[in-house]
Amino acid sequence: MGVNTSKIVYTRTDEAPALATYSFLPLVRKFTKAANITIETKDISLAARILANFPEKLTDKQKQSDALAELGELAQKPEANIIKLPNISASIPQLKAAIAELQLQGFDLPNYPEEPKNDAEKEIKNRYDKIKGSAVNPVLREGNSDRRAPKPVKEYARKNPHSMGAWSSNSKTHVATMSNGDFRSNEKSVTVSEAGDIRIEFIDNNGNTTILKEKIALLKGEVIDATIMSKKALISFLEEQVADAKAKDVLFSLHMKATMMKVSDPIIFGHAVEVFFKDVFEKHATVLEEIGVEINNGFGDLINKLKKLPEAKRKEIEADIQTCYENGPKLAMVNSDLGITNLHVPSDIIIDASMPAMIRNSGQMWDADGNTQDTKAVIPDSSYAGIYQETIDFCKEHGAFDPTTMGTVPNVGLMAQKAEEYGSHDKTFEIKSDGIVRVTDTTGNILIEHNVEEGDIWRMCQTKDAPIKDWVKLAVNRARATNTPAIFWLDKDRAHDAELIKKVNAYLPEHDTSGLDIRIMSPVEATRFSLERIKDGKDTISVTGNVLRDYNTDLFPILELGTSAKMLSIVPLMNGGGLFETGAGGSAPKHVQQFNKEGHLRWDSLGEFLALAVSLEHLGETNNNSKALIMAEALDQATIKFLDNKKSPSRKVNELDNRGSHFYLALYWAQALAEQTQDADLQKEFAEIAKQLADDETKIIDELNNAQGSPVDMGGYYWPDINKVLKAMRPSETLNAIIDA
Ligand SMILES: NC(=O)C1=CN([C@@H]2O[C@H](COP(=O)(O)OP(=O)(O)OC[C@H]3O[C@@H](n4cnc5c(N)ncnc54)[C@H](OP(=O)(O)O)[C@@H]3O)[C@@H](O)[C@H]2O)C=CC1
Ligand SMILES: O=C(O)CCC(=O)C(=O)O
Ligand SMILES: [Mg+2]
């Protein structure tokens with residue numbers, strides 16, 4: 001196809017990856033310019049997205065274009081070549097902090113109206129709610145997901161194993177999940193045979209109908225599913241678990257995805273906070289209501305708002321909180337030094353990262369004194385919780401995994417076109433009173449119906465047929481390319497999965513699967529099967545829906561490689577373009593704290609290196625740009641050398657950090673280009689650069705390391721001062737002179 005553009009779009013995001021970009025991008029530009037490639041940046045940071053959505057009162061200079069919308073359009077075009085770094089999926093506390101920071105910097109933005117009082121405030125809240133949570137990924141991910149540990153990365157991990165906490169068969173750690181009344185138990189699903197519109201309505205017990213959502217357009221063959229989380233069942237489950245954690249003397253911890261599942265999971269989180277601190281909420285209900293405590297934002301919201309109270313009242317409530325702590329089970333901590341509990345902020349415990357971190361750490365989390373303890377991991381909905389219990393059971397039986405010998409579990413994940421839970425945000429409702437929720441078509445046919453009670457969470461998902469077809473194809477391609485068994489993690493006893501199984505069975509025969517081992521297993525069976533193989537050094541592709549894509553691509557990398565930052569993460573866009581994500585993890589807020597405090601950035605940009613190489617390769621192939629292909633190949637060689645020579649950032653101050661690691665990548669990349677013989681121009685240009693970089697290695701590393709050791713002021717967290725950040729991230733004059741020449 002004649003796509004004639006030589007452009008890569010590189011995203012600017014938040015926190016640690018955004019800092020790293022300021023150091024890395026000048027190098028990338030220097031190199032890619034030699035292959036006639038331009039790098040365009042698009043700012044999709046939380047702050048930029050806020051500014052883009054509230055232009056009214058901003059000066060022309062302050063205004064931001066809607067980069068996310070622009071990228072969303074690009075992602076649907078064949079020429080798309082986008083490198084996407086992780087960004088903040090903001091919880092409400094993060095959103096509010098970002099707004100406050102921007103206001104302080106002189107941007108005239110409205111406050112987030114937690115409880116809108118009129119139409120104008122409702123409109124503001126709606127606009128902010130579109131920015132909150134996982135708002136970027138579903139827009140850009142116009143393709144399914146292919147995440148894996150590339151061979152050199154896996155080899156490196158085998159030779160240089162990360163620490164793994166030992167497991168004891170006596171560990172009391174376990175997962176607690178609901179056996180009834182949850183999303184899994186109540187799920188109903190249908191595949192529609194023709195395109196058409198549907199609507200969602202609520203009928204209360206007096207027969208009054210409210211339309212929850214007027215018009216949802218479905219395509220032929222689309223799978224819909226709807227389900228409820230019963231408030232009553234949830235609360236009694238949580239009460240039992242609090243009591244049981246106390247009885248078993250284990251830490252109580254909750255693991256959710258309140259950022260990605262931004263409507264349903266904060267509500268569940270809120271119930272957990274309220275159950276844990278039940279006595280406080282019952283005794284002080286009126287006061288807490290008056291000071292506007294929003295429990296879905298976590299216990300931290302209550303703590304902050306207590307400051308509004310007169311001292312005597314505040315002290316009384318604080319004493320009652322203390323009593324709750326004393327009478328209840330011990331609560332797992334996110335940061336015991338700062339007294340931040342697992343129930344403080346919903347974005348602090350993101351299940352995909354928090355559960356594997358616990359499993360890697362002997363199944364333990366931290367208590368208030370900073371000691372590690374066995375833990376009850378509460379994961380209310382049982383749809384996917386079983387995979388963690390299975391992994392825990394496996395570790396209890398066999399001990400911790402051994403990174404020097406274990407196999408790998410790559411993932412092929414269904415996510416295109418807002419598949420499954422990704423697309424549920426505008427179809428999730430907290431039910432106001434008892435009644436019935438119905439999904440009907442235009443002729444009034446009832447497709448799905450649930451009896452509901454006040455406070456239940458009703459949620460509907462859509463999964464289009466074309467992405468499912470594409471996902472099956474991707475799975476077969478990966479199985480073929482690597483000659484590895486591929487398991488579809490689908491549960492025949494779950495309504496939605498049963499529909500998908502029919503489609504998988506229908507589409508598999510469209511491919512040549514001869515000689516391949518492709519199976520369908522329930523998530524729990526698939527976990528066991530994959531773990532048995534991984535222990536024996538064997539690889540198994542997990543082919544999963546969207547949520548398990550998220551969970552598995554942190555779980556397995558964290559066990560295998562120590563972090564999901566080292567994953568190759570490709571999204572072959574359905575219209576032919578490429579979206580190349582960097583790693584499979586997040587924006588590592590801890591890393592920014594360390595950088596602010598002591599000028600050391602431990603972010604590992606390996607994911608960026610891997611993404612850039614595949615992006616260049618894609619560009620080379622689609623644009624017939626042979627220089628880009630040479631660049632890609634040389635970059636891969638540089639990455640291997642980078643790993644062999646152990647130039648990844650250290651975690652400790654005054655040792656090589658992110659910036660120094662970029663220097664080494666540039667050196668090895670230039671050397672690889674100087675050594676190749678396919679392109680004389682590139683060889684000549686980069687031989688010179690390689691020589692300069694090598695000659696000045698000691699001086700540059702000294703300049704970079706000397707910049708560490710003292711606090712760094714970036715003039716902002718969400719919207720830092722570019723000049724300050726550039727100064728902090730490019731402290732070597734010698735390196736800058738070579739790169740900027
Ligand atoms: N694709 C995306 O856009 C994603 C965005 N997010 C967002 O990121 C934020 C933080 O999420 P969280 O779940 O804490 O996940 P993170 O991946 O940011 O953090 C978990 C831990 O993983 C380690 N880690 C992650 N990336 C790197 C890296 N490149 N180099 C070295 N270590 C790394 C760090 O461990 P250690 O402290 O031991 O060094 C870090 O503290 C949230 O706002 C979340 O919504 C999350 C996932 C994906
Ligand atoms: O979109 C998000 O909020 C997080 C995504 C994520 O964790 C992932 O894709 O692995
Ligand atoms: Mg994830």
Side-chain angles (χ1 to χ4, degrees), residues 11 13-21 24 44-46 68 83-95 97-98 132-141 144-145 147 162-163 255-262 265 334-335 345-358 360-361 411 413 415 418 421-422 425 544 546-558 561-567 569 571 579-595 600-611 648-652 657-658 661 718:
T11 54
T13 60
D14 308 278
E15 297 182 328
L19 291 177
T21 300
F24 188 47
I44 51 168
S45 64
L46 175 60
L68 178 60
I83 296 184
K84 153 78 174 64
L85 278 70
N87 62 282
I88 292 179
S89 294
S91 62
I92 292 187
Q94 284 171 306
L95 184 63
K132 129 185 138 185
S134 183
V136 168
N137 289 327
V139 174
L140 301 188
R141 291 175 171 171
N144 293 307
S145 156
R147 288 183 179 176
H162 51 273
S163 63
H255 301 263
M256 310 248 26
K257 190 88 182 189
T259 52
M260 192 159 119
M261 303 316 308
K262 64 179 174 182
D265 283 17
V334 169
N335 187 330
V345 191
S347 49
D348 273 356
I349 39 142
I350 306 185
I351 182 168
D352 52 342
S354 62
M355 282 302 293
M358 180 185 98
R360 206 190 135 187
N361 190 40
N411 178 263
M415 66 176 186
K418 302 189 174 68
E421 286 90 331
Y422 241 6
H425 306 327
T544 68
N546 204 351
V547 171
L548 284 175
R549 165 200 63 78
D550 182 40
Y551 292 8
N552 282 6
T553 60
D554 259 347
L555 175 62
F556 291 104
I558 287 173
L561 314 171
T563 164
S564 58
K566 296 182 173 172
M567 294 293 275
S569 187
V571 185
L579 171 68
F580 307 97
E581 300 199 27
T582 79
S587 50
K590 267 192 278 179
H591 295 200
V592 187
Q593 287 167 19
Q594 187 188 10
F595 188 61
H600 178 94
L601 185 65
R602 73 172 187 262
W603 178 260
D604 185 341
S605 301
L606 191 69
E608 280 90 309
F609 308 161
L610 299 171
S648 305
S650 123
R651 297 167 65 90
K652 278 201 238 107
D657 81 349
N658 176 268
S661 77
Y718 295 98

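Counting starts at 1 for both ligands and their atoms, in listed order. Each residue takes its place number in the sequence, starting with 1.
Annotation: atom 8 (C) of ligand 2 to nearest protein heavy atom, D550 OD1, 3.1 Å. Of the protein's non-hydrogen atoms, the one nearest atom 26 (N) of ligand 1 is W603 CZ3, 3.4 Å. Remark: minimum distance from atom 4 (C) of ligand 1 to any protein heavy atom is reached at G585 O, 3.6 Å. Summary of contacts: the protein heavy atom closest to atom 38 (O) of ligand 1 is R651 NH1, 3.0 Å. Among protein heavy atoms, atom 5 (C) of ligand 2 sits closest to N137 ND2, 3.6 Å. Looking only at heavy atoms of the protein, atom 3 (O) of ligand 2 is closest to S89 OG, 2.6 Å. Of the protein's non-hydrogen atoms, the one nearest atom 3 (O) of ligand 1 is N87 N, 3.0 Å.
The structure places CE of M260 at 8.5 Å from CG of N137, a figure rounded to the nearest 0.5 Å.
Ligand 2 is never approached by M261 to a heavy-atom distance shorter than 4.0 Å. Using a 4.0 angstrom heavy-atom cutoff, M415 does not count as in contact with ligand 2. At least one heavy atom of R141 lies less than 4.0 angstrom from ligand 2.
Within D352, the N, O or S atom at minimum distance from the Mg ion (ligand 3) carries the name OD2. Note on D550: its N/O/S atom closest to the Mg ion (ligand 3) is OD1.
Residue contacts with ligand 1, taken as heavy atom pairs separated by less than 4.0 Å, do not involve L606 at all. Counting heavy atoms closer than 4.0 Å to ligand 2, residue Y551 contributes nothing at all. Only side-chain heavy atoms of R141 come within less than 4.0 Å of ligand 1; its backbone N, CA, C and O stay farther off. Using a 4.0 Å cut-off between heavy atoms, D604 contacts ligand 1 through both its backbone and its side chain. By the criterion of a heavy-atom distance under 4.0 Å, the side chain of D352, and not its backbone, is placed next to ligand 2. Contacts of P138 with ligand 2, taken as heavy-atom pairs under 4.0 Å, are absent altogether.
The shortest side-chain heavy-atom distance between N552 and T544 falls under the 4.5 Å cut-off. T563 is listed as a side-chain neighbour of K566, based on a closest heavy-atom distance under 4.5 Å. Using a 4.5 Å cut-off on side-chain heavy atoms (C-beta onward), L601 and Q594 make no contact. Using a 4.5 Å heavy-atom cutoff, the side chains of I44 and K84 are in contact. Inter-residue side-chain proximity for V136 and I88 is flagged as unmet; no heavy-atom pair is nearer than 4.5 Å.
In this structure, R147 forms no cation-pi arrangement with F556, as its terminal cationic atom is not both closer than 6.0 Å to the ring centre and no more than 45° off the ring axis.
Distances below 4.0 Å separate heavy atoms of I88 from the following atoms of ligand 1: 43 (O). Residue-ligand proximity, K84 to ligand 1, at heavy-atom distances under 4.0 Å covers atoms 1 (N), 2 (C), 3 (O).
Taking the six-membered ring for Trp and thresholds of 30 and 60 degrees, W603 and H591 have ring planes more than 60 degrees apart, a perpendicular arrangement.
When the heavy-atom distances from atom 20 (C) of ligand 1 to A565, A20, A353 are ranked, the shortest goes to A353. Closest to atom 41 (O) of ligand 1 by heavy atom, among K590, E608, M567, is K590. By heavy-atom distance, the residue among H591, R602, Q593 lying nearest atom 32 (N) of ligand 1 is H591. Looking at G586, S605, P589 and measuring to atom 14 (O) of ligand 1, the nearest heavy atom belongs to P589. Nearest-heavy-atom check against atom 13 (O) of ligand 1 across I350, T563, L140 picks out I350.
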Q: Would you please test N658 and D604 for side chain to side chain contact (heavy atoms under 4.5 Å, CB included) and show each step?
A: CA-CA 6 Å; N658 176 268; D604 185 341; over 6 Å; no

(Q) side chain to side chain donor-acceptor pair (under 3.5 Å), that's the test. Do D554 and S564 meet it? Break it down for me. (A) CA-CA 5 Å; D554 259 347; S564 58; 2.5 Å; yes

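In terms of polar-atom proximity, defined here as any N/O pair under 3.5 Å, A588 does make such a contact with ligand 1. The shortest N or O to N or O distance between R549 and ligand 2 is under 3.5 Å. In terms of polar-atom proximity, defined here as any N/O pair under 3.5 Å, K257 does make such a contact with ligand 2.
Among the candidates M415, K257, M261, the single residue satisfying the side-chain contact (heavy atoms from CB on, under 4.5 Å) test with D550 is K257.
Protein non-hydrogen atoms do not reach within 4.0 Å of atom 22 (O) of ligand 1.
When every heavy atom of G413 is checked against every heavy atom of R549, the shortest pair comes out as CA-CB, 3.9 Å.
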